[in-house]
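Per chain, numbering begins at 1; letters A, B, ... match sequence-line order.
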There are 2 protein chains.
Amino acid sequence: METYGDGGLGLLGDPTRRAIFEILARRPSSVGELAERLPVSRPAVSQHLRVLKDGGLVVSHAEGTRRVYRLNPEGVAGLRAWLDGVWNDALTAFQKAAEAAPDDPEEEVP
Amino acid sequence: METYGDGGLGLLGDPTRRAIFEILARRPSSVGELAERLPVSRPAVSQHLRVLKDGGLVVSHAEGTRRVYRLNPEGVAGLRAWLDGVWNDALTAFQKAAEAAPDDPEEEVP
DNA sequence: ACGAACGGTAAGCATAGACTTACGGATGTC
DNA sequence: GACATCCGTAAGTCTATGCTTACCGTTCGT
């Protein structure tokens with residue numbers, strides 16, 4: 001459940017994992033359904049799901065013999081939080097640079 | 001300059017690259033400055049910057065012999081756009097599931 | 001109770017890619 | 001003009017990890 005410092009963003013570096021993430025965003029799916037839509041084997045999907053689950057980006061719930069996975073709202077919120085943080089930092093930096101140096105004297109921090 | 005379909009998110013999978021990204025969010029920096037703050041060599045930083053630049057997440061401008069890198073607002077906007085898309089998809093899916101199945105009959109798509 | 005469907009895990013491999021050292025080109029300084 | 005600084009690129013190594021096959025446990029149907 002612990003969300004990462006980077007909002008779990010590191011987990012989405014892999015294309016297959018991103019694809020799984022995007023599919024789950026549109027509709028909760030079982031492992032088999034995901035494997036059908038992807039060019040990898042079912043165990044591969046299972047392994048990715050494990051990583052995503054450990055990272056808090058998805059949750060699963062048993063339904064008969066099937067395990068239905070769906071996005072974890074808190075996980076996505078973590079991603080947004082991280083990105084918003086970076087975004088705010090960038091805005092602040094830009095603003096500071098714009099008002100403190102209208103004619104580019106020095107950009108150093110003593 | 002082309003932004004990716006995933007908003008360039010795949011580029012931030014690597015921890016070092018994320019670190020560079022976060023540093024640049026707080027303050028534009030030269031290659032050497034980044035290398036000083038990171039546990040990798042200068043060429044490594046240079047290579048990461050190339051990837052980030054090709055992905056449209058950062059921009060550079062020459063300043064004497066130094067190359068100052070800073071975040072590209074459009075790139076960050078691309079990230080936000082991708083994440084918002086996933087977020088909206090997830091919301092829609094959740095809403096649809098909630099109103100179409102108050103008592104869980106079938107979750108299948110014929 | 002038996003068989004089938006579904007999925008998690010182990011072991012192993014193979015490729016991507018992150019890092020280093022070495023080099024060369026451009027710019028600024030004396 | 002010579003030297004120093006800063007940076008990008010090439011070549012090569014090595015590790016992380018994504019994928020596959022094989023196996024086993026669990027749950028449902030008949």
Side-chain angles (χ1 to χ4, degrees), chain A residues 4 6 8-24 27-70 72 104-109, chain B residues 4 6 8-24 27-70 72 104-109:
Chain A
Y4 291 96
D6 62 357
L9 198 147
L11 306 181
L12 296 178
D14 180 68
T16 302
R17 218 136 57 201
R18 268 202 310 281
I20 292 176
F21 191 73
E22 294 181 9
I23 292 177
L24 291 182
R27 146 194 339 169
S29 312
S30 69
V31 179
E33 287 170 357
L34 288 169
E36 282 175 7
R37 290 168 165 268
L38 295 169
V40 298
S41 71
R42 189 190 48 71
V45 172
S46 209
Q47 289 160 10
H48 283 303
L49 285 171
R50 157 120 95 156
V51 175
L52 290 173
K53 189 175 182 178
D54 287 349
L57 290 184
V58 306
V59 293
S60 70
H61 99 277
E63 191 164 308
T65 105
R66 311 192 327 160
R67 304 291 181 91
V68 178
Y69 285 81
R70 61 188 73 220
N72 179 16
D104 298 326
E106 293 295 330
E107 285 192 16
E108 224 59 38
V109 174
Chain B
Y4 291 98
D6 63 356
L9 200 148
L11 307 180
L12 297 178
D14 180 69
T16 302
R17 218 135 57 199
R18 267 201 310 282
I20 292 175
F21 191 72
E22 294 181 10
I23 292 177
L24 291 183
R27 146 191 342 167
S29 310
S30 68
V31 179
E33 287 169 357
L34 289 169
E36 282 175 8
R37 291 168 163 267
L38 295 168
V40 297
S41 70
R42 190 191 47 74
V45 173
S46 208
Q47 289 159 12
H48 282 304
L49 286 171
R50 157 120 95 155
V51 174
L52 290 173
K53 188 175 182 179
D54 287 349
L57 290 185
V58 306
V59 293
S60 69
H61 101 277
E63 192 163 307
T65 103
R66 312 193 326 161
R67 304 292 181 91
V68 178
Y69 286 79
R70 60 189 74 218
N72 179 16
D104 297 325
E106 294 294 330
E107 287 195 18
E108 224 58 38
V109 173

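Between A/Arg66 and C/dG7, a side-chain N or O to OP1/OP2 separation shorter than 4.0 Å is absent. Checking the phosphate oxygens (OP1, OP2) of D/dT9, no side-chain nitrogen or oxygen of B/Ser46 falls inside 4.0 Å. Taking only side-chain nitrogens and oxygens, B/Tyr69 never comes nearer than 4.0 Å to OP1 or OP2 of D/dC6.
Shown here for B/Arg27 and B/Ser29, the closest heavy-atom pair between the two residues is O-OG, 2.9 Å. In terms of heavy-atom proximity, B/Ala35 sits nearest to B/Val45 at CA-CG2, 3.8 Å. In terms of heavy atoms, A/Gly55 sits closest to A/Leu11 at CA-CD1, 3.5 Å.
Residue B/Leu52 contributes atom CG, which lies 14 Å from atom C1' of C/dG17 at whole-angstrom precision. Atom-to-atom, CD of B/Glu63 to C1' of D/dC7 comes out at 14 Å; the value is rounded to the nearest Å. As a whole-Å value, the separation of A/Leu49 CG from C/dT9 P is 11 Å. In this entry the distance linking CZ of B/Arg50 with P of D/dA10 reads 7 Å, nearest Å. With rounding to whole Å, B/Arg67 atom CZ is found 13 Å from D/dT5 atom C1'. If you measure from atom CZ of A/Arg18 to atom P of D/dG18, you get 12 Å, rounded to the nearest angstrom. For A/Leu38 and D/dC19, the CG to P distance is 9 Å, given to the nearest whole Å. Separating the CG atom of A/Leu11 from the C1' atom of D/dG18 is a distance of 14 Å, rounded to the nearest angstrom.
Here the OG-CZ distance, from A/Ser30 to A/Arg42, works out to 10.5 Å after rounding to the nearest 0.5 Å. To the nearest 0.5 Å, atom OG of residue B/Ser60 and atom CG of residue B/Leu52 are 11.5 Å apart.
Annotation: side chain of B/Ile23 is in contact with side chain of B/Leu38 (closest heavy-atom distance under 4.5 Å).
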Quick tally for nucleotides 18-29 of chain C: nucleotides whose base has a protein heavy atom under 4.0 Å get B, sugar-phosphate-only ones S, the rest -, giving SBBBB----BS-
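A side-chain donor-acceptor contact under 3.5 Å links B/Arg18 to the backbone of B/Gly13.
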